[in-house]
Amino acid sequence: MHDKSAISLGRIDRFVREWIAPAVVRAAEPLNFTFWETPDEPVTFDEAMTGQFIPGEIGMPWGKPWRTTWFHLLGQVPQSWPLPGTRAELLVDLGWIDAGPGFQAEAAAWNPQGDLIKGISPRNHFVPLAPVTTDGNVDFYVEGASNPDVPGGAWTRPTKMGDKATAGDQMIYAVRQFDIALIDVEVEALIADVFALRGLVDVLPKETPRRAEVIMALENMCDTVDPENVQGTAVAGRAQLADALAGPAGASVHEAYAVGHAHIDSAWLWPIRETERKVGRTVGNVLALMDELDDFRYAFSSAQQYKWIKEKYPSLYERLKQRVAEGRIVPVGGMWVESDTNMPGGEALVRQFVAGKSFFKREFGLDPRSVWLPDSFGYTGSLPQIARQAGMRDMLTQKLTWNDTDIMPHSTFWWEGTDGSRLFTHFPPVATYNSVLDSPEIEKASRDFNDKGPANKSLVPFGYGDGGGGPTREMVFQGRRLADLEGSPKVRMSDPDEFFDDALAQYGEQAPTWVGEMYLEYHRGTYTSQHRTKRGNRRSESLLYEAELWATAANIRAGAEYPYEALSRIWEDVLLMQFHDILPGSSIAWVHRQAEEKYREIEAQLEDLIRTSLSQLVAGEGEKRELVANSSPRPQSGVPALGIGATETTPTSTLKATEGGWLLENSAAKFTMSKQGLLTSAYDMAEKREIIPPGEVGNLLQLFRDIPNSWEAWDIEHHYKRVKTDLTDVDQIDEVEGPDGGQALRIRRSFSNSTVEQVLWLAPGEDPTLHILTEVDWHEKQKLLKLAFPLDLVTDTSESEMQFGFARRPAHDNTSWDAAKFETVAHRWLRAAESDYGVVLSNDCTYGHDVTRMRTRTGAGTLMRVSLLRAPLFPDPVADQGRHVMRHALTLGATVRGAYDHGYELNLPLRPVEVANPAEENLVPLVAVVGDIDVAAVKLAEDRSGDVILRLFEPRGGRASAELELDFPNAGVEVVGLLEEPGLHQDFLNLTALDTSDGIIRVTLRPFELLTLRVRR
Ligand SMILES: [Zn+2]
């Protein structure tokens, strides 16, 4: 037979597009409307009701960028409506543009009583009639948000649309439709039938009989449906498709567990305040759809987003709660937001779960058990342990399908963290978190599932994200038709818990294991972009730790009130800003401007809390003297860890001008600086060892061209290395007083449009550490600034501090996996070492870096570089412009232990405290750890019982034991999970880590083990 299928399909497609699809609206009546534009920011419903509404007409322009326009709509439902076989509803078109849903105008429909009824977006633009109609009179409001299309089709070009301050005031939309419409439900069903079969044709192999049969059925449908009377012949048309839709699917086909979802970025190409509304609209849609369709469930993550609904949309929240109780809306993830996992510190990642899970428990009595991070930019090897100790068993992501180099080998597997904790993990092979649930996507899920044979199940999250409204009717209709259809994988409506239970039962025993971090081979610029946001995060984390420590001490020692409310409010803000487009620096200017403001507020509030706690702790009368508070978990300058005392006086370092430049010297090291301010020698006196390779220089600022192929703020590509300028020219060098009061060298350079000033000084006494304070006034475009130290060390790995431990990563390009890690993330320190000798570079606010093998005159060496600044142009065209301050320190001969100590020193510096005869016992640390175990948090329990929570971890990646001396009355110590509740999640904890049998509190930890102790008062 001749193959006429292409012609047949062309006929079918045109017939559906031009005759069947338009026939779904049987009749439409326009509504009358008035409108009112808010003066500036969004207002509440009640405030909007006081607005001066004026008459409007279809076609009128509306909507300056980022503004809000309220429309009031009135009309009558024709008396004969609805006719049999129809449904009446309201249709709104605010002038949708080609940008995807969520990336343009959106709206919410409100009833006159002030309840949000439903969200409205391009592919979800109906409003149900019943909630806004009384006796046939329609009366409702539409809150239109004229959010601009920020990229405007170009994801690399600078745009002014990313900030209300620069977006201008041109109207960017025009009202197109406010109608009451009569929907023909048979035509609607016919469209869904056709769509399911037509999608199947696209994925079935050409030679299959099934494909030919389906095309024949579709052609028969076209013959039967009368283009001049589609509505009258739709039933007959459907009958032609009935056999083709009858199934069944093959016995061994893949099973797709379809889960309704909307991935809503908590800020990105819109500010946080707009996300609050996006979440409201989306939940409005989901609830409206659930009233209509009873067979889908909706996975909803991020406690923060629930909290917004609770505060802003109380009636919606009540309806949401009801659906949660029914199990149809399923809280997932257990975290405060879908955070980045590379940069948040250990305690912050813990608090993502503590704040998230406490919220879900308090509000719904639920204990979510699946981590839900489909979109974060790589996953730290510390996450499995943190998640397990918060009671999580499973994890979902898909981001590693974005890798630019390697393909992750598994779809369903055990992910084993650095410490050995495991999460049962799934990467949906559909490779999207915004599926539309059509045949091509379901087929992709089946085709790309990596564990065929022993397993055949995958999860498919479906729904438009980011304000697009989540799942739609049309998606659910497809899910129903693909449930058991010949030639297609099976689709079942499900939820993540059901999926993970079934997948674990089927595959838990045999599933493979992936060990250590899941590095995203993409978005490597997110460790560096938007430096001020990153600095704000680091500073906030350190100050929160200090504030909790000293507030606990002040509570126990001086009976001071513990600032529960203030601390939890600040934590919530910090956790929100760790969202995976804020801390990574990939949001619009507006978001980062607000984040910087918020971090400044937080810093002031925490400094105030710390000052108050310390003054309560050292209160006394008499002559004043100065002591210092040491919040580091390690002794500093003779002051015990977590204690208050006087610093030991140590001999200072010296700075001498020499013929070739300067010499910084103390009893442990000599650092030689050239007249260009470059480090030409770093000599370790104890080891009698030179660290700078011959002919090389350290403290070298390097400026690279940094033009990624597409995602400006997100990506550094390997080709950045090709165009480099070493900034060796110097404007001026002076001897000055250093920040510690000793002698220092100040170096000023200018380059391109920018200037940099560095102050370098040597630690006093026996500490072989060179301190560097760098201030940059940065006015570059698409440049990357790095600070480089070539080292005479031979190693093939480097160590980077991560949460409660460190990651060891390759320093070479042997395999594609190694080569792809050409830019990586570290917290407070990174270290390169030979077997018995290491060099540490610590910092107080940077994250991105690279450590690689290099060739030197004497052979192999190591190049250690930290990334200081970038200047991407999209989505924030002024990202990183202006002034930045950062600290680094280079330590010779440092062990891993020493690396932590220096990291603490820079991030938790000694804090001066003025005292006058304080109670001496108040200066003693609350907790003394005798042994090589570090304290990560000292705080009062979240349940406000007054019990003390201690978080400890093994830092070196070995076995450690320690004795704990508690210097306060207590009624015993026990191991708890991160939720701090005795007995909760015990199966996930190591209860044998604690031994108090002989009256001594003894803790024994495995490599990188995290332990939370609850001390009863
Ligand atoms: Zn996202």
Side-chain angles (χ1 to χ4, degrees), residues 99-103 106 121 147 150-151 155 162 259-272 274-279 281-282 298-306 308 332-344 349 352 356 370-380 383 395-403 427-428 430-435 459-470 496 518 520 522-527 529-530 533 575-588 590-592 595 710-715 874-876:
F103 299 84
E106 289 171 49
S121 54
N147 301 341
V150 172
W155 286 75
V259 178
H261 185 54
H263 179 77
I264 306 179
D265 291 296
S266 290
W268 180 27
L269 301 177
W270 46 87
I272 287 170
E274 195 55 32
T275 317
E276 297 175 15
R277 298 201 295 177
K278 282 176 185 281
V279 172
R281 295 175 200 125
T282 303
Y298 180 74
F300 182 12
S301 75
S302 304
Q304 170 71 81
Q305 299 193 350
Y306 288 78
W308 284 331
V332 290
M335 296 173 75
W336 188 250
V337 294
E338 291 183 17
S339 79
D340 179 70
T341 83
N342 288 314
M343 287 169 283
L349 218 41
Q352 287 285 356
S370 316
V371 181
W372 185 275
L373 292 173
D375 195 29
S376 301
F377 307 151
Y379 303 89
T380 167
L383 186 58
M395 154 133 182
L396 178 133
T397 174
Q398 61 81 49
K399 198 67 183 178
L400 274 73
T401 60
W402 288 44
N403 276 1
F427 289 175
V430 69
T432 175
Y433 40 80
N434 301 317
S435 167
L459 191 147
V460 178
F462 70 95
Y464 295 119
D466 282 336
M518 294 199 285
L520 177 66
Y522 214 34
H523 295 358
R524 300 164 182 91
T526 59
Y527 318 140
S529 297
Q530 299 283 3
T533 298
L575 297 177
L576 169 57
M577 289 187 286
Q578 291 177 341
F579 174 72
H580 66 256
D581 281 308
I582 305 181
L583 181 52
S586 44
S587 282
I588 53 174
W590 193 343
V591 172
H592 290 287
S710 51
W711 300 82
E712 283 264 320
W714 290 259
D715 288 349
F874 183 88
D876 176 1

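Numbering of ligands and ligand atoms starts at 1, following listing order.
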Regarding S586 and D581, do their side chains bring together a donor and an acceptor under 3.5 Å, going by distance alone? yes

Atom name of the N, O or S atom in H263 that lies nearest to the Zn ion (ligand 1): NE2

What is the ring orientation for W402 with W711, classed by angle as parallel under 30°, tilted 30 to 60°, or perpendicular over 60°? tilted

When you check the side-chain N and O atoms of S121 and Y464, is any donor under 3.5 Å from an acceptor? no

If I consider every N, O or S atom in D265, which one ends up closest to the Zn ion (ligand 1)? I only need its name. OD1

Donor-acceptor check, side chain of H580 to backbone of F377, threshold 3.5 angstrom: yes or no? no

Can an N, O or S atom be found in D375 less than 2.8 Å away from the Zn ion (ligand 1)? yes

Please confirm if an N, O or S atom belonging to D466, backbone or side chain, lies less than 2.8 Å from the Zn ion (ligand 1). no

